[in-house]
Participant: 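The structure that follows is given in the form of structure tokens.
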Amino acid sequence: MECEWLHIHDAIESEMADSVSVDMEAISLPPEEHVVRTRSGCVSVAVYGDQDKPALITYPDLALNYVSCFQGLLFCPEACSLLLHNFCIYHISPPGHELGAAAIDPDGPILSADDLADQIAEVLNYFGQSAVMCMGVTAGAYILALFAVKYRHRVLGLILVSPLCKAPSWTEWLYNKVMSNLLYFYGMCGVVKEILLNRYFSKEVRGSDYLPVSDIVQACQRSLDERQSLNVWRFLEAINGRHDISEGLRKLHCRSLIFVGDMSPFHSEALHMVSKLDRRFSALVEVQACGSMVTEEQPHAMLTPLEYFLMGYGLYRPSKLSVSPRSPLSPSCISPELYSPESMGLKLKPIKTRISVEM
């Protein structure tokens with residue numbers, strides 16, 4: 001683990017030399033690790049930043065944790081300075097998905113998606129947080145959206161990446177059942193890893209006979225090798241048994257920012273979700289040539305939309321920090337061309353990207 005942090009530290013220093021100045025101590029030190037006991041079992045939470053600041057909670061996709069799901073975004077110096085300046089980040093892991101997790105007792109109950117959402121409320125109680133900003137990816141996005149539907153007063157805003165909101169289609173349910181059986185009887189075998197990588201990434205970064213496998217995919221493969229297969233199986237069972245929350249989304253009045261890769265297998269799910277949200281408070285950003293996990297595959301495409309989304313809350317990246325003229329996080333330095341969706345690598349929906357400035 002120490003070697004991993006040294007590697008991360010060196011990578012950050014290298015990239016920062018050409019970008020921005022950020023608080024090195026805040027991003028190079030390991031997080032505070034907490035184990036929170038809830039009525040449905042223990043939950044691991046990694047905390048980054050000053051706990052006196054507003055809270056941003058994250059929840060990863062199936063078989064991932066905060067390192068494998070969010071480090072691409074959070075180790076972009078611009079995003080790190082934006083988020084850590086404004087928030088204390090609480091990375092919540094699905095049960096048994098944290099770094100170095102042991103196998104969950106096989107006799108323990110299998111939690112439902114509702115149980116996982118209720119666990120989040122207990123985690124917030126533990127840290128004394130009344131209302132939070134939420135960021136989740138695919139399965140994690142569903143858990144956070146469900147949490148928002150059940151505990152509307154505790155959610156300030158939703159930042160969701162390739163989210164789910166409907167019950168599984170018969171095709172997805174059957175697909176997940178095949179993966180569930182493979183996990184249960186054969187563990188994290190090659191077929192399961194291939195299914196998961198197809199879920200996360202576009203074909204371009206997964207490689208082919210003509211293209212090498214990208215570094216992010218190789219890192220994800222190593223991360224999957226470390227997962228406890230039966231712990232992943234439990235989370236998959238919860239997600240495969242999820243219910244439709246579309247009608248509950250209509251009642252949300254917190255702001256919502258939805259990212260989805262246009263090559264994500266859950267692209268239509270994200271479009272459906274945006275259609276159910278109040279258009280006055282929601283925005284959709286489609287990222288071209290990207291799979292589901294935008295946070296890892298194209299994290300820079302999230303920077304400008306994130307900044308303008310957070311500006312609606314009076315949050316911003318302070319100008320007193322040293323900002324490169326190339327940084328998309330300095331409004332005074334944004335060239336007119338940057339407002340072109342094509343130059344940002346984005347495909348914006350004109351109606352669906354409107355965000356009201358009213359709270």
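What's counted below: heavy atoms across the whole structure, side chains too, no hydrogens, waters or symmetry copies.
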Participant: Does Asn231 reach the main-chain N or O of Ile104 with its side chain, forming a donor-acceptor pair under 3.5 Å?
Facilitator: yes

Participant: Could you check whether any side-chain N or O of Ser180 sits under 3.5 Å from a backbone N or O of Lys177, counting only pairs where one atom can act as donor and the other as acceptor?
Facilitator: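 The answer is no, because no donor-acceptor pair under 3.5 Å joins these two groups.
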
Participant: For Asn198, run the side chain to side chain donor-acceptor pair (under 3.5 Å) check against Lys193, Arg206, Lys203 and tell me which one passes.
Facilitator: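 Testing Asn198 for a side chain to side chain donor-acceptor pair (under 3.5 Å) against Lys193, Arg206, Lys203 leaves exactly one candidate, Arg206.
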
Participant: Give, for atom CG of Leu164 and atom CD1 of Ile143, the distance between the pair rounded to the nearest 0.5 Å.
Facilitator: 9.5 Å

Participant: Under a 3.5 Å cutoff, is there a donor and acceptor pairing between the side chains of Ser256 and Ser282?
Facilitator: no

Participant: Assess the side chains of Asp114 and Ser112: does a donor N or O sit below 3.5 Å from an acceptor N or O?
Facilitator: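 The criterion, which ignores hydrogens and geometry beyond distance, is not satisfied for Ser112 and Asp114.
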
Participant: Side chain of Asp215, backbone of Gln218: donor and acceptor closer than 3.5 Å?
Facilitator: no

Participant: Would a distance-only check, ignoring hydrogens and angles, find a side-chain to backbone donor-acceptor pair under 3.5 Å from Arg250 to Ser246?
Facilitator: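 Checking the backbone N and O of Ser246 against the side chain of Arg250, no donor-acceptor pair under 3.5 Å is found.
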
Participant: For the pair Arg199 and Asp61, evaluate side-chain contact (heavy atoms from CB on, under 4.5 Å) and give the outcome as yes or no after the intermediate values.
Facilitator: CA-CA 10 Å; Arg199 173 190 179 97; Asp61 193 14; 2.9 Å; yes

Participant: Does the Arg234 side chain pair with the main chain of Pro95, one donor and one acceptor, at a distance under 3.5 Å?
Facilitator: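 No, because the side chain of Arg234 does not come within donor-acceptor range (under 3.5 Å) of the backbone of Pro95.
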
Participant: Do other residues, nucleotides or ligands put more than 12 heavy atoms under 6.0 Å from Tyr184 OH?
Facilitator: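 No, not enclosed.
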
Participant: Rounded to the nearest 0.5 Å, how far does SG of Cys220 lie from CG of Leu64?
Facilitator: 5.5 Å

Participant: Below 4.0 angstrom, N of the basic side chain to O of the carboxylate: do Glu172 and Arg242 qualify?
Facilitator: yes

Participant: For the side chain of Glu297 and the backbone of Ser202, is there at least one donor-acceptor N/O pair under 3.5 Å apart?
Facilitator: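 Yes, the answer is positive, given that a donor and an acceptor are paired below the 3.5 Å cut-off.
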
Participant: When you measure from the side chain of Glu98 to the backbone of Val45, do you find a donor-acceptor pair of N or O atoms at a distance under 3.5 Å?
Facilitator: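 Such a contact is absent between Glu98 side chain and Val45 backbone.
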
Participant: Looking at Cys165, is its backbone amide N or carbonyl O close enough to the side chain of Glu269 to form a donor-acceptor pair, meaning the two atoms are under 3.5 Å apart?
Facilitator: yes

Participant: Specify the closest pair of heavy atoms between His153 and Ala131, including all atoms of both residues, with the distance to one decimal.
Facilitator: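 Closest approach of His153 to Ala131, heavy atoms only: O-CB, 3.9 Å.
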
